[in-house]
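Throughout, protein chains are lettered first and strands after them, A, B, ... in sequence-line order, and every chain is numbered starting at 1. Just so we're clear, the structure is a prediction, and the values are computed from it rather than from any experiment.
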Protein chains: 2
Amino acid sequence: MATLKDVAREVGLSVGTVSRVLNNRGYISAETRANVRAAMQKLDYQPNEVARSLSRQRTSTIGLIMPSIEHPYFARLISCLERSAYERAYKILLFCAYGIPDQEKKFVEACRSNRVAGLIICSDSVRTETFSNLGFPLISYERYLDSSDACVLCDNEEGGGLAAKELIERGCRRPAYLCGRSRVGMPADMRKDGFLNVCRQYGISPETYLFEADRMLDVQYCPEIISFLKEHPCTDGLFCGSDVIAAEAIQAASVLGIDVPGRLKIVGFDDVLPAVLTSPKITTIRQPVKEMAKACIELIDKKNSGESVPSRSVFHVSLVRRGTT
Amino acid sequence: MATLKDVAREVGLSVGTVSRVLNNRGYISAETRANVRAAMQKLDYQPNEVARSLSRQRTSTIGLIMPSIEHPYFARLISCLERSAYERAYKILLFCAYGIPDQEKKFVEACRSNRVAGLIICSDSVRTETFSNLGFPLISYERYLDSSDACVLCDNEEGGGLAAKELIERGCRRPAYLCGRSRVGMPADMRKDGFLNVCRQYGISPETYLFEADRMLDVQYCPEIISFLKEHPCTDGLFCGSDVIAAEAIQAASVLGIDVPGRLKIVGFDDVLPAVLTSPKITTIRQPVKEMAKACIELIDKKNSGESVPSRSVFHVSLVRRGTT
DNA sequence: AAATGTATGTCAATCGTTTAACATGTTTGA
DNA sequence: TCAAACATGTTAAACGATTGACATACATTT
């Protein structure tokens, strides 16, 4: 591929001059500029971003380390991040660590090697590993990571509360909370807190069920939900840790011949695609993923410009009422 | 961050020597090797991949240009591609072009600038643009792209045929095909061909309905499906262009009080998450996405090693029978 | 006429590696 | 004993840009 030198030779100038028209720096006559541009066109010149990055000592790449790509929530998140990145002229380097601390560590190193402009991580080794001296801003998404420069999360507790309120106001007296992992400080745990608190305010004490396995999408929760509903036949409301779980709760109800929302009301979380693909559609807690993604990118930008940024950015969630309540 | 020079200074050697232990080239005494490694450890040295790439004249990054990230099919595809890439020590540079030719072109240029090791594109400007002289292998996914080095796709026609066979053998006499865009050479078009051909063999001539809009996920197809079913009340089978569409077909049936699979049978396509989140679960045509993704990465690898590769790799699909037929 | 500012362009160091070409010993084997 | 092979390490030129320091020429001011 053609280099700056080739272009320079073509128009009979030094590479320095050509570089200046490329970067719009210094004084350049209109004629020279035109000549250079023409030569670039002619040689199909494409600036070598690798060389540029080395010289400038920075890249325009943002690393992403996610626990899943296929899960609808992360698919949506990654999609939003890509868009926000694009709007600010960043590219996305994508890694999927499947929640395995060892992989996360490896990918963090990969990001260091590649001198990314920033790293957004949704880590599951929050307490295991401390990342420091990275050389670029580290944004923790939906997790509290001590070594991060900033955390971006939604108000999970508020979400739990909204769900409780919805279920109870719609008549539920025996609600339950269903979710996967629930380590302290993780979103699911905070959703539970919010849920339980509001229930308590209404004088209700709900069941809580944590799924055995927690492999994101590998497992089907439906059988476990069926067992749960059989063991707690009076349950009249379910707050599910995600829309995927909520969808499977609908399946479970369908299998057991329980009418939704008649005999059982369901509230999901996230407001992602599955919430609108089921029958009935799922009442859920909406996370403003787009805004949260935008915040991540902006935080990196600001941090890199030397601005100081809030260590936590918490976003409000809202209830989206559909067919399951 | 520490550089090779720093490490060299630390152990009192030249950078050349240090580079050799880093790359396991040439003769190095065990002692020197140990010293160097210790120094690297001590200085928390991390090789600068940017400099490396510049020097080696190649990166270990594979570009991905997709029309969507959030759509379950692409979420799955990207997930599989990331895994296969990781297994071969590649990283993923992710772009989403939303099917906009202009964006695709821009991203192809970005990949050129970044000197990717290869580019996998699921392009919607197949006929609009010709990419040539890229400097790296171009793999076209699920599309026939003239300027590509290789195409990877599933046997969409076979899939259409399988769907027709399933519907008809299960008793449908008035099946219909529902899908989004349908330009010649696109998967949807080939699925239709396969579907129509097999129907014809059975002496049946099905309806075909193309959705107005085609914005992947922005649009809800449900209302259009409802209209269709109202206008064609005898329809007893639906072959949907994707599982997402199939899920919405179930919703439409539910709204109209049509029993699935009793009065209406449905076959989807892809076999991705939504297929197992609905009630009933969707009978669908399974694409071996994992294998297809692996093939993409391997093709790039081989092409870069000078091997010649098949210009087309077509994968068999299979019927996965679930609750909608 | 000297000083200042504007306009145009060149030069060479630098970014952090890789790698071919050398230099210099030390073993071995015939 | 001499050459070949082995072992260890150095040097310096790439890779393809960026960028501060200069050089030169002309047009205005003062």
Side-chain angles (χ1 to χ4, degrees), chain A residues 1-37 39-40 43-61 89 109-117 135-136, chain B residues 1-37 39-40 43-61 89 109-117 135-136:
Chain A
M1 234 178 285
T3 72
L4 258 201
K5 205 193 270 180
D6 298 326
V7 177
R9 190 182 310 123
E10 175 79 18
V11 288
L13 290 172
S14 72
V15 303
T17 306
V18 177
S19 169
R20 272 166 53 185
V21 359
L22 189 60
N23 296 289
N24 284 310
R25 280 169 4 96
Y27 298 112
I28 292 286
S29 69
E31 198 195 336
T32 303
R33 191 183 310 275
N35 287 340
V36 170
R37 295 229 187 282
M40 286 180 169
L43 299 180
D44 191 21
Y45 171 76
Q46 199 67 26
N48 184 329
E49 202 60 42
V50 179
R52 251 206 241 239
S53 298
L54 178 60
S55 182
R56 291 190 176 141
Q57 297 270 67
R58 69 193 147 80
T59 67
S60 56
T61 301
E109 292 309 315
C111 286
R112 289 228 300 156
S113 267
N114 284 278
R115 303 295 193 268
V116 296
F136 47 77
Chain B
M1 232 178 286
T3 71
L4 259 200
K5 205 192 269 181
D6 298 326
V7 177
R9 190 183 309 120
E10 176 79 19
V11 288
L13 290 172
S14 73
V15 302
T17 307
V18 177
S19 169
R20 273 169 48 187
V21 1
L22 189 61
N23 295 289
N24 283 311
R25 279 170 7 95
Y27 298 111
I28 291 287
S29 68
E31 198 195 335
T32 302
R33 190 185 310 274
N35 287 340
V36 170
R37 294 229 188 281
M40 286 179 169
L43 299 180
D44 192 22
Y45 171 76
Q46 199 67 26
N48 184 330
E49 201 61 41
V50 179
R52 252 204 238 240
S53 298
L54 178 59
S55 183
R56 294 212 249 252
Q57 297 269 66
R58 69 194 146 81
T59 67
S60 56
T61 301
E109 292 309 314
C111 286
R112 289 228 300 157
S113 267
N114 284 277
R115 303 296 193 264
V116 296
F136 48 77

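At the phosphate of C/dT17, neither OP1 nor OP2 sits under 4.0 Å from any side-chain N or O atom of B/Ser55. Distances shown here put a side-chain N or O of A/Ser19 below 4.0 Å from the OP1 or OP2 atom of D/dT18. Applying the 4.0 Å criterion to OP1 and OP2 of C/dT8, one finds that A/Thr32 has every side-chain N and O outside that range. The side chain of A/Gln57 contributes an N or O atom lying less than 4.0 Å from OP1 or OP2 of C/dG16. OP1 or OP2 of D/dT10 sits under 4.0 Å from a side-chain N or O of B/Ser14.
Residue-to-nucleotide proximity on DNA chain D shows that, of B/Gly16 and A/Glu49, the 5′-proximal contact is made by B/Gly16.
Here D/dG16 presents its P atom at 9 Å from CG of A/Asp6, a figure rounded to the nearest Å. Separating the CG atom of A/Leu4 from the P atom of C/dT14 is a distance of 20 Å, rounded to the nearest angstrom. Atom CG of B/Leu54 and atom P of C/dT14 are 17 Å apart (whole Å). The distance from atom CZ of A/Arg20 to atom P of C/dC11 is 13 Å, rounded to the nearest whole Å. Separating the CG atom of A/Leu43 from the C1' atom of D/dA17 is a distance of 16 Å, rounded to the nearest angstrom. We find that CZ of B/Arg115 is positioned 8 Å from P of D/dG16, with the value rounded to whole Å. What separates CD of B/Gln46 from C1' of C/dT17 is a distance of 14 Å, to the nearest Å. For the pair A/Arg33 CZ and C/dG9 P, the interatomic distance rounds to 10 Å; values are reported in whole Å.
DNA chain C is contacted by A/Tyr27, A/Ile28, A/Ser29 of residues 22-31 of chain A, taking any non-hydrogen atom closer than 4.0 Å.
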Inset, instruction - Could you check A/Val18 against A/Met40 for side chain to side chain contact (heavy atoms under 4.5 Å, CB included), going step by step and ending with a plain yes or no? - result: CA-CA 10 Å; A/Val18 177; A/Met40 286 180 169; 3.9 Å; yes

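Between B/Tyr27 and B/Arg20, the shortest heavy-atom contact is O-NH2, 2.9 Å.
In this structure, B/Leu43 CG and B/Thr3 OG1 are separated by 9.0 Å, a value rounded to the nearest 0.5 Å. Within the model, atoms OG of A/Ser53 and CG of B/Leu54 stand 10.0 Å from one another, a figure rounded to the nearest 0.5 Å. The line from CG of B/Asp44 to CG of B/Asp6 is 12.0 Å long, rounded to the nearest 0.5 Å. Considering CE of B/Met1 and CD of B/Gln46, their distance stands at 7.5 Å, rounded to 0.5 Å. Taken to the nearest 0.5 Å, the CZ atom of A/Arg52 stands 10.0 Å off from the CZ atom of A/Arg58.
Comparing C/dT17, C/dT10, D/dG16 against the side chain of A/Thr17 picks out C/dT10 as the nearest.
Between the base of D/dG16 and the side chain of A/Arg52 there is no donor-acceptor pair shorter than 3.5 Å.
Of the candidates B/Arg33, B/Glu31, B/Arg37, B/Glu31 is the only one forming a side-chain contact (heavy atoms from CB on, under 4.5 Å) with B/Asn35.
For the pair B/Thr61 and B/Asn114, the minimum side-chain heavy-atom distance is 4.5 Å or more.
Rounded to 10 degrees, the angle separating the terminal axes of the helix from C/dA1-D/dT30 to C/dA30-D/dT1 is 50°, with each axis obtained from five end pairs.
In this structure, B/Thr59 contributes its side chain and B/Arg115 its backbone to a donor-acceptor pair below 3.5 Å.
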